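Okay, structure first, notes after.
Computation of the quantities below employed the complete heavy-atom set of this structure, encompassing side-chain atoms and omitting hydrogens, waters and symmetry-equivalent molecules. Read the numbers this way: they start at 1 and go in the same order the structure lists the ligands and their atoms. Here the structure is a predicted model, which is why all the values come from computation and not from measurement.
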Amino acid sequence: MKILCLGNNTKDTDIKTCNLAKTNLSKCHGLLSELDGPSLTITQDGWYHSSVYDIEYSRLVELATEFNSVIMLNQPKEQYSHPDAFYKTVKLVENLPNGKFLNPSYTTDINFFENLVKTNKSFCIFPFIELLTNQRTDGYTTVCCRSSTPVAHISEIKNWAKNKDYSIIRNKMLNGELLPEHCASCYTLENRNILSAREQETVEWANRLNLTSLNDLTEITHPAYYEIRPSNVCNLQCRMCGPTSSHLIGQEYKKINLISTIPSKEQSDFSIVDFTNLKKLYVAGGEPTAMPEFYKFLDLCIQNKKTDFEFLINTNATKFSNRFKKQLKQFSNLQFIISLEGVGSLNHYIRWPSDWNTITENMHYLRKHNHIITTNTTVSIYNVTNLYNLLKFFDNEFPGMLVHCLPCTSKDDMLSGFNFPNSKLALERLLPIQQLKCYKNNRLLKSFIDGIITHYQTTLSVDLTQLKLFFEFNDKLDLSRNVKLADYIPELEQARKLIL
Ligand code: SF4
């Protein structure tokens, strides 16, 4: 018999596995890890152990076929370095035909919210755990960053847990009443059979906060998750962004008559963050590293010795000063979400006028200093045919990094990644992604890529009205920036003939 035990990445996993081997009068062969090489084969009977830290997800799934049983050890979630690693292990073992649990309650606890989001298509955890400011709503909060429909004015929220506007939304969700005015972005993905944030993040957050029933929700008195966007100050002018997220785009749009008034810069400050129940703080912009108030907040955290919470910084990674690098050294739980849309000059064109070498050097700097980096790519008409190159670059240069893709939303959907005018070419370029490790190891990315592939397999037509709007808009930007689409994305330029 060959048995593989999965657990956390501490000595305890080795001890527990060897004890089990002894009890079963068998031999313990110890740890299996990526360091054993790609052609790892299991020849001898006995007990082995590994973890999601030691071997990546898709490789563990393959490896599991060489064992009679794969057992998840009964180590409590708190003994994992992050609850997400515990969750990943549970889901992996649950989906294996030969998977077993020493503690079966691990699955029942997680499955409550997993089943709830399947049976109640309205329920989402964010209004129950999150408070955020949103650059698009002028001082009003929204249910999450994906929505631009106001919920309540931030200055009027005295008791977030009992706030009447939030209560209305929470009750509707609990009753299964759909909220398209707030949650259309998730519903749209679900209608395309793509896993939404509602489905995925509800389960992840319930696991992180140890929520196993609806009753647990009523005990949340303070937000566990804050998202702060201090202002729209930004050093870039990304093509799929807008004036409420980049003051430079505001100035440019005004100059080329795309808007008549420039939105104000000030949006919110960090004073709404209450550390009482804080599990995670997410800061975005604009560009946080371009904002003086962001540096002040980091100094304040350092002064008050609040430096160990889960701190996510969304950045374009183009502007890391020495002061910033010095501040980072004080924080123990930092994660960076780096926005990237293409490799090299394509990124420069879309995330105008960023410099690719600076970004990749900064990403390496963060990794070298043991900060977690993940990437976020907005999939649009600009990059859908070049997504493979970007994801392949991630696989090669930053192995194991978590990669997110999200669909581009824009006025009249003119930048939609689902409207590339040549389905055959889009498919040719998208299908190889299914061979990449980042695709195989991340079910959210997999779901997104499969959804967009299915779209191009089943939809051969193109929305010419959207395409015309795209060219009109993009030509104005190109003229303003003195560049040409043909020099960066020739396959898209070729589609111009369709609207002439
Ligand atoms: S359903 Fe989607 S849009 Fe609505 S709150 Fe949840 S994550 Fe946000």
**Prompt:** Considering only the protein, which heavy-atom contact is closest to atom 4 (Fe) of ligand 1, and what is its distance?
**Reply:** Cys183 SG, 2.3 Å
**Fill in**
So the atoms of ligand 1 within less than 4.0 Å of a heavy atom of Val143 turn out to be 5 (S)
**Request:** Measure across Tyr295 and Thr289 and return the closest heavy-atom pair with its distance rounded to 0.1 Å.
**Result:** OH-O, 2.5 Å
**Complete:** If we number the atoms of ligand 1 from 1 as shown, the ones under 4.0 Å from a heavy atom of Arg198 are 1 (S), 7 (S)
**Message:** Under 6.0 Å from the ring centre and within 45 degrees of the ring axis: does the NZ or CZ of Arg192 meet both conditions for the six-membered ring of Phe418?
**Reply:** yes
**Asked** For residues Asp274 and Thr276, is any side-chain donor paired with an opposing acceptor at under 3.5 Å?
**Response** yes
**Message:** Students should be able to answer this: which protein heavy-atom is nearest to atom 8 (Fe) of ligand 1, and at what distance?
**Reply:** Cys144 SG, 2.2 Å
**Prompt:** Can a salt bridge be assigned to the pair Arg146 and Glu201 using a cut-off of 4.0 Å between side-chain N and carboxylate O?
**Reply:** yes
**Asked** Would Arg170 count as a cation-pi partner of Trp160, with NZ or CZ less than 6.0 Å from the six-membered ring centre and within 45° of the ring normal?
**Response** yes
**Asked** Quick one: nearest non-hydrogen protein atom to atom 2 (Fe) of ligand 1, plus distance?
**Response** Cys186 SG, 2.3 Å
**Asked** Between Glu190 and Arg198, is there a salt bridge with N-O shorter than 4.0 Å?
**Response** yes
**Asked** Hey, which atoms in ligand 1 end up nearer than 4.0 Å to a heavy atom of Phe126?
**Response** 6 (Fe), 7 (S)
**Request:** Please confirm if an N, O or S atom belonging to Cys124, backbone or side chain, lies less than 2.8 Å from atom 6 (Fe) of ligand 1.
**Result:** yes
